[in-house]
Amino acid sequence: RNCRGNPNCLVGIGEHVWLGEIDENSFHNIDDPNYERRKKNAFVGLTNLGATCYVNTFLQMWFLNLELRQALYLCPSTCSEYVAGEGIPKDKDYEPQTICEHLQYLFALLQNSKRRYIDPSGFVRALGLDTGQQQDAQEFSKLFMSLLEDTLSKQKNPDVRNIVQKQFCGEYAYVTVCNQCGRESKLVSKFYELELNIQGHKQLTDCITEFLKEEKLEGDNRYFCETCQSKQNATRKIRLLSLPCTLNLQLMRFVFDRQTGHKKKLNTYIGFSELLDMEPFMEQKNGVYVYELSAVLIHRGVSAYSGHYIAHVKDPQTGEWYKFNDEDIDKMEGKKLQLGIEEDLAEPSKSQTRKPKCGKGTHCSRNAYMLVYRLQTREKSLTIEVPAFLQELVERDNCKFEEWCNEMAEMRKQSVARGKIKHEEVKELYKRLPAEAGSPYDFISLEWLQKWLDESTPPKPIDNTACLCSHGKLHPDKISIMKRISEYVADFFYRRYGGGPRLNVKALCKDCVVERCRILRLKNQLNEDYKAVTNLLKITVKGNDGFWVGKASLRSWRQLALEQLNEQDEDTEHSNGKMNGNAQSKDESNEEKKEEEEELNFNEDIVCPHGDLCISENERRVVSKEAWEKLKQYFPKAPEFPNNKECCSQCKILEREGEENEALHKMMASEQKTSLQNLFHDKCRPCLGSWPQETDELYIVSQFFVEEWRKFVRRPTRCSPVSSVGNSALLCPHGGLMFTYASMTKEDSKLIALIWPSEWERIQKLFVVDHVIKITRTQAAGADPESTLYTSEPQLCPECREGLLCQQQRDLREYTQATIYIHKVVDNKKVMKDAAPELNVSSSEAEEEREENKPEGEQDPDFNQIMHAFSVAPFDQNLSIDGKILNDDTATLGSLGVIPESVILLKADEPLADYAAMDDVMQVCMPEEGFKGTGLLGH
C-alpha cells in the first residue's frame with residue numbers, strides 16, 4: 001500500500017505486476033484462437049445476432065433431421081459458375097440466392113466447419129427478420145415450414161419436392177354427427193403440428209385427449225344438417241387419420257390475458273414421456289404409432305415478451321442428448337435428457353408450484369413449448385455426405401478460419417515478445433527509481449507513474465502544469481500527489497515520453513511556504529481576536545470615541561476573515577485546477593469571481609447607494625475604538641464611519657420626498673375612491689345582458705385597468721398610481737373593437753368593465769383616456785324588444801375578431817399538465833366512480849415537437865389508468881367526446897378537441913363469454929406486427 005502523503009514512498013504504485021513471475025497473458029488482450037476451434041465429435045453452434053435465439057433453436061433441430069438435411073443437399077444449385085462446371089472463383093464470395101441455398105450452406109457449415117460456431121446472418125437477412133426483436137417461436141416454425149414447402153414444390157426430384165410433407169405432414173378430420181338422423185359429415189385437413197392447450201392439465205396425454213374431445217353443438221351453435229334440412233343438435237370432434245414421421249406437438253404456453261390485454265406465459269408443469277404411443281388416439285388401430293422423443297424446445301423466462309430460447313435435441317446417429325444454446329453446446333451425460341437446470345432458472349416466485357416427481361423415462365417442464373417425437377424404427381440412421389460443391393465452400397471457409405487463427409497466434413506472439421522487453425526495462429528502471437540521499441532528483445505525479453506501470457493505458461507526455469503555483473514552481477499542496485524520483489530515471493522519462501516543465505530541487509517554492517505560514521499564524525490569531533472582539537462588544541461606548549459597524553457584518557466577521565485568508569489558496573486552485581488536465585475553465589472561474597464581487601464585503605452593509613453612511617440606525621451599531629482596530633487588521637479596506645459622522649444628506653432628502661409622495665398618494669386614492677365609489681365596491685354595475693332602462697349609452701374600459709386602480713386605492717403607499725385608462729388593449733391595430741356585443745355579454749365579459757355615463761365624466765377628469773369606447777342602444781318607440789340595435793364606437797373589426805378566435809382555440813389546444821376527466825357510461829347513463837382517473841396529459845403538435853426536451857415528470861398520458869379504475873381492458877374501451885369517437889391513435893389530444901377540464905365518455909364492450917374466442921379477439925383488438933414485412937409472408 002502506498003503512503004500518498006510521502007513523496008519518497010514508491011511502494012504499491014503498480015510495480016507488483018512487473019516484479020513477480022511473468023504471466024505471458026498479461027502482455028496481450030488476445031484470446032487463444034484455438035478456443036474458437038470446434039472440438040472433436042462436437043456440434044457447431046450458431047451466433048445470436050441480438051434476439052435470434054428462437055431461429056437458432058429451430059435450425060439446430062432441423063439440421064439433426066437427417067432426412068430433411070439429405071433432401072436439401074439434393075437441391076441443385078443456381079450458381080451460374082458451378083452449373084457451368086467452372087467451380088467457384090476464389091476471388092468471389094459465395095452468395096446464396098434462395099432460401100434452400102441458404103439452408104444448404106448453413107447445414108454444410110454445421111456439419112463440416114472447423115469453427116466452434118458460425119454466423120447465420122445471411123440466412124436471417126434473406127428472411128428479412130429484425131435481429132433486435134424477439135418473435136413468437138411457434139409462429140416462426142409454422143411460417144418457415146410453409147415457405148420451405150412452397151419453395152421445394154418447384155423441384156423435379158420427388159424426394160426433394162415432398163420432403164416436408166413426408167416428414168412433418170399428417171391428416172385429421174373434423175367429424176360432425178347429427179343427433180337427429182345420425183348423418184356424419186367429414187372435413188379432412190392436413191396438419192404440420194398439433195396445437196395442444198395445456199391449461200388445467202398436468203400430462204401430455206391429457207392435452208392430446210382434450211384436443212380430440214367431442215364438442216356438443218347446441219342452442220345458437222346448432223349444426224345445419226343437409227339430410228334434415230334444418231338446424232339440429234350435433235357433436236363434433238377431431239379424428240386422427242395419419243401421423244407423420246416427425247410429430248411436432250406445440251404446447252400453447254403463450255395465451256391472451258383479457259385482464260391486461262396482452263399475451264402471458266403459462267408457467268405450469270407438463271409431464272411427458274420419452275416414448276409416446278399414439279395408437280389409442282388414432283381412428284385406425286392397425287399401424288405402428290410408437291414415437292421416441294427427439295427434441296424439447298425451451299423458453300427460459302416468465303414473460304411472453306422476453307426470455308431466451310434453447311433446444312435439447314437428440315443426435316439420431318449416437319442417441320446422445322445435447323443442449324443447444326446459441327454458440328454454446330453441451331453434451332448430456334449418459335445419453336439422458338436433463339431439464340433440471342433449465343427449470344430452476346425461470347423461478348418467478350417462492351409461491352411457484354413445486355416440480356412434480358418424474359418416473360424413469362418421463363420428464364416434467366414448465367418451460368417446454370414444443371415437443372418433437374420421431375417414429376420409432378429399427379432402420380439404421382442415414383450417413384449423409386456433403387455435396388462436393390458445398391464441401392468446396394466449407395473448405396474455403398475453413399481456410400479463412402485457419403488464416404485467422406495463425407494471424408491471431410502471431411499477434412499474441414509479438415505482443416508477448418514486446419511485453420518481455422518492456423518487463424525487463426521496467427524492472428531495471430524501478431530499481432533505479434528512488435532518489436538517493438544527496439543526489440539530484442525530480443518530482444513527477446503519482447498518477448503518471450501509475451499509468452506508466454499500467455500496460456493497458458500507454459502513458460502520455462508528462463504534464464506538470466496542473467501542479468504549479470502562481471510563481472511557476474511546485475505548489476506546496478501538490479506535494480502529496482507527487483513522487484520524488486532519481487534524476488537518471490527522470491531523464492529517461494522525458495527522453496522517451498516528452499512533456500514538462502521539469503520540477504527538480506530548484507522547483508520548491510519558498511514564497512508559497514512563507515505565505516502559507518503567515519496564513520496559519522493569522523488563522524491561529526483569529527480565534528483569540530474573535531474572543532477579544534466579542535468581549536469588547538459587550539462594553540457600552542461613551543462619547544464620540546466609537547465607530548459605526550453593520551450588524552450583519554458583525555455577525556459574520558470571523559467567517560469573512562477566514563474566507564479572505566483562504567482567498568489566495570483558492571485563487572491558486574482556480575488557476576491551476578486539478579491534476580490530469582481537469583483544470584477549471586476561465587469562464588467558470590470568472591463567473592465565480594463576479595459572484596464573489598457581488599457579495600458585500602465587511603461593513604459595506606451600512607453604505608448607502610451614494611457611498612455614504614446609510615440613514616437606517618436599525619442596521620448598525622457603535623463599537624469601541626479597540627474593537628474597530630482589531631477588525632481593521634483583517635479588513636484594512638473596510639469603509640470607516642466614526643460615530644459622530646452624519647448620515648447621507650441625499651438619502652435624507654429622498655426619504656423626505658418619499659414621505660411626501662406617500663401622503664400625496666393617500667390623498668389621491670381617497671379622492672378617487674370617493675369619486676368612483678360604486679366602481680371601487682363593484683356595486684350597482686350595469687350589465688349588457690339586462691340593459692338598464694335609465695340610459696341608452698354605456699362606456700367600456702378594460703377590466704385590467706379597474707383591477708390595477710383598485711389595488712392602488714387599497715394600498716396607495718405600496719402600489720403605483722394609475723394615470724391612464726389604456727383602452728388600446730381592447731382594440732385591434734386598425735383601431736376597431738375586438739369584441740362583439742354578444743361575446744361581451746358572455747365569454748368576454750371578464751375582460752371588460754361597463755361604466756355609467758356619469759362615472760365616465762369623472763374618469764375623464766381623473767385619468768388620461770387614450771380611446772373612448774361606447775355602446776349605444778337604438779330602439780324605436782313601441783317596437784319589439786328583439787328588434788333593438790346595439791352599436792359600438794369604434795365599430796367591430798371582423799378580420800381581427802376572427803384572428804383572435806383562432807388564436808384562442810390554438811391556446812386552448814396547446815397545454816401541459818392539464819386534467820382530463822373520464823366518465824363511464826352504464827345503460828346510457830353517465831356515472832363517475834370514486835377511482836375514476838384524472839389524467840395528467842399534455843397535447844398539441846407543438847408539444848410533440850418539444851417531446852425530446854420535456855422536463856422530468858412530464859410524460860404522455862397513460863390511458864391504462866382507465867383500465868385499472870374501471871376494470872375495462874383497452875380493447876373493450878370506446879372513448880368519445882361531444883359525440884366524436886376517439887379512435888385515431890396517431891392524433892394529438894389538441895387535434896381531437898380534448899382541452900383542459902374536458903370530460904371523455906367511456907363505454908365498455910361486454911366481454912366475450914367463450915374463452916375459445918380469445919385468439920380472434922387478439923387478432924382484432926390487439927394487432928401485433930409479428931412477421932409482417934418479412935420474407936416469411938412473401939410467399
- Task: Begin from the C-alpha positions of F281 and F211 and carry the test ring-ring contact (aromatic ring centres under 6.0 Å, His included) through to its verdict.
- Result: CA-CA 10 Å; F281 306 107; F211 181 78; over 10 Å; no
- Task: Begin with the C-alpha distance, continue with both residues' side-chain angles, and end with the deciding distance and a verdict on side chain to side chain contact (heavy atoms under 4.5 Å, CB included) for I208 and L196.
- Result: CA-CA 7 Å; I208 299 173; L196 306 179; 3.8 Å; yes
- Message: side chain to side chain contact (heavy atoms under 4.5 Å, CB included), that's the test. Do E274 and E292 meet it? Break it down for me.
- Response: CA-CA 6 Å; E274 292 190 15; E292 290 180 334; over 6 Å; no
- Query: side chain to side chain contact (heavy atoms under 4.5 Å, CB included) between L297 and M61: does it pass, once the steps are laid out?
  - Reply: CA-CA 9 Å; L297 274 61; M61 185 185 73; 3.6 Å; yes
- Task: Evaluate ring-ring contact (aromatic ring centres under 6.0 Å, His included) for Y369 paired with H299, printing each intermediate quantity in order.
- Result: CA-CA 7 Å; Y369 68 92; H299 174 267; 7.1 Å; no
- What's the verdict on ring-ring contact (aromatic ring centres under 6.0 Å, His included) for Y192 and F168, showing C-alpha distance, side-chain angles and the deciding distance? CA-CA 5 Å; Y192 294 85; F168 306 106; 7.9 Å; no
- Start with the C-alpha distance between L275 and Q376, add both sets of side-chain angles, then the distance that settles side chain to side chain contact (heavy atoms under 4.5 Å, CB included), and finish with yes or no. CA-CA 9 Å; L275 287 179; Q376 197 175 46; 3.6 Å; yes
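Aromatic rings from F123 and F144 are positioned such that their centres are separated by under 6.0 Å.
At least one side-chain heavy atom of V188 sits less than 4.5 Å from a side-chain heavy atom of L241. By the 4.5 Å heavy-atom criterion applied to side chains, L103 and L59 are counted as neighbours. For the pair P76 and Q155, the minimum side-chain heavy-atom distance is below 4.5 Å. Side-chain contact between Y322 and H312 is absent, with no heavy-atom pair separated by less than 4.5 Å. Between L68 and L148, the closest side-chain pair of non-hydrogen atoms falls below 4.5 Å. M145 has its side chain out of reach of L143: every pair of non-hydrogen atoms, C-beta onward, lies at least 4.5 Å apart. Y172 places a side-chain heavy atom less than 4.5 Å from the side chain of L194. Two residues are said to be in side-chain contact when any heavy atoms from C-beta on lie closer than 4.5 Å; Q317 and L64 fail this criterion.
Counted within 6.0 Å of CG on N157, heavy atoms from surrounding residues, nucleotides or ligands total more than 12; the atom is thus considered enclosed. Heavy-atom neighbours of K213 NZ from other residues, nucleotides or ligands within 6.0 Å: at or below the threshold of 12. By the 6.0 Å contact criterion, NZ on K285 is enclosed, its count of non-hydrogen atoms from other residues, nucleotides or ligands being greater than 12. Counting heavy atoms of neighbouring residues, nucleotides and ligands inside a 6.0 Å radius, atom CZ of R222 exceeds 12 of them.
Heavy atoms only, all atoms of each residue included: Y54 and Q133 are closest at CE2-O, 4.3 Å. In this structure, A108 and L390 approach most closely via the heavy-atom pair CB-CB, 3.9 Å. For S273 against Y373, the heavy-atom pair with the smallest separation is O-OH, 2.7 Å. The shortest non-hydrogen separation linking Q134 to C53 is NE2-SG, 4.0 Å. Between V124 and L49, the shortest heavy-atom distance links the atoms CG2-CD1, 3.9 Å.
Sorted by first and then second residue, the pairs that involve residues 203-212 and meet side-chain hydrogen bond (donor to acceptor under 3.5 Å, both in side chains), not counting sequence neighbours, are N197-E210, H201-E210. Residue pairs meeting the salt bridge (charged side-chain N to carboxylate O under 4.0 Å, His left out) criterion with at least one partner in residues 68-78, sequence neighbours excluded, are absent. Annotation: salt bridge (charged side-chain N to carboxylate O under 4.0 Å, His left out) contacts involving residues 165-192, sequence neighbours excluded, comprise D159-K166, E184-R239. Legend: salt bridge (charged side-chain N to carboxylate O under 4.0 Å, His left out) pairs involving residues 49-63, not counting sequence neighbours: none detected.
With sequence neighbours excluded, the residues that form a side chain to side chain contact (heavy atoms under 4.5 Å, CB included) with A234 are T176, L217, Y223. Evaluation of the salt bridge (charged side-chain N to carboxylate O under 4.0 Å, His left out) rule for E215 yields no partner, not counting sequence neighbours. Residues meeting the side chain to side chain donor-acceptor pair (under 3.5 Å) test with S230, sequence neighbours left out: Q232. With sequence neighbours excluded, the residues satisfying side chain to side chain contact (heavy atoms under 4.5 Å, CB included) with P280 are D277. K314 meets the salt bridge (charged side-chain N to carboxylate O under 4.0 Å, His left out) test with no other residue; sequence neighbours excluded. Annotation: side chain to side chain donor-acceptor pair (under 3.5 Å) contacts of N48 (sequence neighbours excluded): T52, D326. Judged as a side chain to side chain contact (heavy atoms under 4.5 Å, CB included), and not counting sequence neighbours, the contacts of K884 are L896.
To the nearest 0.5 Å, atom SG of residue C364 and atom OH of residue Y269 are 8.0 Å apart. Taking OG from S242 and CD from E283, the interatomic distance works out to 10.5 Å, rounded to the nearest 0.5 Å. Here C178 contributes atom SG and F224 contributes atom CZ; the two are 10.5 Å apart, rounded to the nearest 0.5 Å. Atom CD1 of I329 sits about 12.0 Å away from atom CD1 of I310, to the nearest 0.5 Å. Summarising the geometry, atom CE belonging to M332 is positioned 6.5 Å from atom CG belonging to L337; distances are rounded to the nearest 0.5 Å. A distance of 9.5 Å separates CG of L371 from SG of C207, quoted to the nearest 0.5 Å.
Between the side chains of N367 and K265, at least one donor N or O lies within less than 3.5 Å of an accepting N or O.
For the ring pair (Phe, Tyr, Trp, His ring centres under 6.0 Å) with F107, the qualifying choice from F63, Y73, F43, W62 is F63, the only one to do so.
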Counting only pairs under 3.5 Å, give me each side-chain donor-acceptor contact of residues 245-255, with atom names and distances, residues two or more places apart or in other chains.
from: T246; atom 1: OG1; to: N65; atom 2: ND2; distance (Å): 3.4
from: T246; atom 1: OG1; to: Q167; atom 2: OE1; distance (Å): 3.0
from: T246; atom 1: OG1; to: R374; atom 2: NH1; distance (Å): 2.8
from: Q250; atom 1: OE1; to: Q138; atom 2: NE2; distance (Å): 3.2
from: R253; atom 1: NE; to: R366; atom 2: O; distance (Å): 3.4
from: R253; atom 1: NE; to: A368; atom 2: O; distance (Å): 2.5
from: R253; atom 1: NH1; to: L266; atom 2: O; distance (Å): 2.6
from: R253; atom 1: NH1; to: T268; atom 2: O; distance (Å): 2.9
from: R253; atom 1: NH1; to: R366; atom 2: O; distance (Å): 3.1
from: R253; atom 1: NH2; to: T268; atom 2: O; distance (Å): 3.0
from: R253; atom 1: NH2; to: S365; atom 2: O; distance (Å): 2.8

